[in-house]
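Worksheet: the structure to be examined is printed underneath.
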Amino acid sequence: SFAHHLMAYVEMLARDAGRMHDARARLNECPLGAAALAGTSFPLDRDMTAKALGFDAPMANSLDAVSARDFAIEALGAAAILSAHLSRLAEELVFWATPAFAFVAISDRFTTGSSIMPQKRNPDAAELVRAKTGRIFGSLLGLLTVVKGLPLAYAKDLQEDKELTFLGLDAADLSVRVMSGMIRDLKANAEAMRAAADHGYSTATDLADWLVGVIGMPFREAHHVSAQIVARAAEKNVALAELKIEDFRAVEPRITAGVFGILSAEESVASRISYGGTAPARVGEQIARWKKRLEAHKN
């Protein structure tokens, strides 16, 4: 179902949020007091200054304090994974919004009119979120390249870290904001999705599963029988549910009329009742779990 599909991105984005929180826990150490590389002879209270500035603790090694950039690399790594997830969703939005599918409509706030075709709306925001991924990946690879051969401690090479880090994280932040707006305004076309769900004999696997579960047929044989029945339906240019019982029995005589209870898209979706499956009851449970979790986080 569409809900199940979008909930997959909820899971991905939750892991992205977790990576960001993990990165912050490691980067929130204060370098103040490390001086150029070896600390200082002045009697500084580094714990006090770290606390006053909102850090968890001072960095424990002065050489590390002036030369480490893994905190920025880790943050950019988390941003890169996040941007890959957003790019995958953006790619789907671009295709779903085309007239060939018309599964969704992206609001005018995130599309622009074509310069030539008056009837066309371009999904510019989704395309730009997809493109920003290259900038974020580039920032990560650029900073990794800067630090890969540096001896301890500070080297002027490290002044290049600022632009790469800010560019990458700013692009990730913008992508999150834009994607949030697009999803908030998104309109789903249930009729178009429902029509597409019946194309391509999508319930052929359900037929094979039925043959295994009801008749006791080995799946290898059930796969072959289902393929023969699909071929028969394709020859008649009808859906599986539109075949007559005689058509099924011509391929496998033990098939009963009960087979018609598993051949629709709705029945196929509803049958996936395992934890994490696409049955509406399972999806509803996941939505409720996430609403509760997000509400608790907000509070």
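For clarity, every value in this text was computed on a predicted model and none was experimentally measured.
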Salt-bridged, [X] to [Y], with N to O below 4.0 Å?
{"X": "R19", "Y": "D22", "answer": "no"}
{"X": "E242", "Y": "K236", "answer": "no"}
{"X": "E29", "Y": "K51", "answer": "no"}
{"X": "R254", "Y": "E252", "answer": "yes"}
{"X": "R88", "Y": "E91", "answer": "no"}
{"X": "R282", "Y": "E285", "answer": "yes"}

Taking atom [atom1] of [X] as the centre, report whether more than 12 heavy atoms of other residues, nucleotides or ligands fall under 6.0 Å from it.
{"X": "R272", "atom1": "CZ", "result": "yes"}
{"X": "R289", "atom1": "CZ", "result": "yes"}
{"X": "L294", "atom1": "CG", "result": "yes"}

Item to check | D124 vs T112, side chain to side chain donor-acceptor pair (under 3.5 Å): CA-CA, chis, key distance, verdict | outcome: CA-CA 7 Å; D124 288 350; T112 60; 2.3 Å; yes
Checklist entry - Going through the checks in order, is the side chain to side chain donor-acceptor pair (under 3.5 Å) test met by H5 and E92? => result CA-CA 11 Å; H5 197 112; E92 294 196 304; 2.8 Å; yes
Item to check | Check against ring pair (Phe, Tyr, Trp, His ring centres under 6.0 Å), W210 and F248 | outcome: CA-CA 13 Å; W210 186 90; F248 288 93; 8.5 Å; no
Checklist entry - So, Y201 side chain and A234 main chain: donor-acceptor pair closer than 3.5 Å or not? => result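 It does hold such a pair.
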Next on the checklist: So does R130 get a backbone contact from the side chain of T133, meaning a donor-acceptor N/O pair under 3.5 Å?
Outcome noted: yes
Checklist entry - Would D209 and T205 satisfy side chain to side chain contact (heavy atoms under 4.5 Å, CB included), going step by step from the backbone distance to the final call? => result CA-CA 6 Å; D209 290 345; T205 301; 4.0 Å; yes
Item to check | Distance-only side-chain donor-acceptor flag, S268 / D206, under 3.5 Å | outcome: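 A donor-acceptor contact under 3.5 Å links the two side chains.
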Item to check | From CA spacing to verdict: side chain to side chain contact (heavy atoms under 4.5 Å, CB included), L143, L140 | outcome: CA-CA 5 Å; L143 187 52; L140 172 60; over 6 Å; no
Checklist entry - Under the ring-ring contact (aromatic ring centres under 6.0 Å, His included) rule, what pairs show up with a residue in residues 180-200, not counting sequence neighbours? => result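 Listed by first then second residue: nothing to list.
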Next on the checklist: Using the rule that Ile, Leu, Val, Met, Phe, Trp and Tyr join whenever any side-chain heavy atoms are under 4.5 Å apart, tell me whether Y154 and M59 fall into a single cluster.
Outcome noted: no
